Each structure stands twice: as C-alpha cells, then as structure tokens.
Amino acid sequence: MALGLLFGTLFQLLLFTLLGLNVQRSLQTGKPPAARRRMVMGSLGRYLLCAVAIWVGIRSPWLNVFGVVFPLFYPKILYFSRAVYQQIRSGKEEK
C-alpha cells in the first residue's frame, strides 16, 4: 500500500507540473483559439498518462491499485467536497 501511495503521489506531482507548464505555454501563444487547443491537448495527454499510471498499478504485483488511484483523484475529491460545502453554507446563510 505504501509503495502504491508513493507512486500515485509522485505521479500526481508530475501531472501538476505538466499542468503548470501547459498553462504557461498556452498563455504565451497570445491567440485564444490556439491557447484553447493547447490546453485541450495537454489535458488529453495528462489523462492518458493517468491511465498509464492506473494500468501500471493494476499490472504491478507490488503496487496496491487503491494506493495508486487515490492520490490521482484526491485533488478532485477535495475540490468537489469544498464546492458542496460552500453550496450548503451559502444555502444556510440565505435562510
């Protein structure tokens, strides 16, 4: 489990780094359609890399699949739970 968590966390850090580089390059293009295209292609590339990491976690006998997958989706879980919390909180303030 620990090796899976380490692998997933390191891979997630790589994905964040690639996201940052992709945003910088997209902003340097200066043209919105070209920047949008670059962002879409970067997102597809990161999703493919994520699929490769999950595949390695499934095929590898020394990595726990849940340990690999959890760090990859942890930021998405945090963002979603924060949005739900803010939605509930703003609903209570309106009453």
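Quick note: residue numbers are just sequence positions, from 1. Not measured: the values here are computed from a predicted model.
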**OP:** Following the transitive rule for hydrophobic clusters with a side-chain heavy-atom cut-off under 4.5 Å over Ile, Leu, Val, Met, Phe, Trp and Tyr, establish whether L18 and V56 coincide in one cluster.
**Re:** yes
Run the side-chain donor-acceptor check on residues 61-85: report pairs under 3.5 Å with partners two or more places apart or on a different chain.
residue, atom, partner, partner atom, Å
N64, OD1, F66, N, 3.2
S81, OG, I77, O, 3.0
S81, OG, L78, O, 3.0

Original post:
Can you name the residues that form a side-chain hydrogen bond (donor to acceptor under 3.5 Å, both in side chains) with R46, not counting sequence neighbours?
Top reply: S43
Subject >> Verify same cluster id: L14, I54 (apolar side-chain graph, 4.5 Å) >> reply: yes
Would you be so kind as to tabulate the donor-acceptor pairs closer than 3.5 Å made by side chains of residues 25-39, with sequence neighbours excluded?
residue, atom, partner, partner atom, Å
S26, OG, N22, O, 2.9
T29, OG1, S26, O, 2.7

Original post:
If you measure from SG on C50 to CZ on F11, what distance do you get to the nearest 0.5 Å?
Top reply: 7.0 Å
**OP:** Report the distance from atom CG of L5 to atom CG of L10, rounding to the nearest 0.5 Å.
**Re:** 10.5 Å
Original post:
Is the number of heavy atoms from other residues, nucleotides or ligands within 6.0 Å of CD (Q86) greater than 12?
Top reply: yes
**OP:** Linking directly or through intermediates, with side-chain heavy atoms under 4.5 Å: list the remaining ILVMFWY members grouped with M41, chain and number order.
**Re:** V40, L44
Original post:
So, S60 side chain and G57 main chain: donor-acceptor pair closer than 3.5 Å or not?
Top reply: no
Original post:
Can you tell if the side chain of L19 reaches within under 4.5 Å of the side chain of L15, non-hydrogen atoms only?
Top reply: no
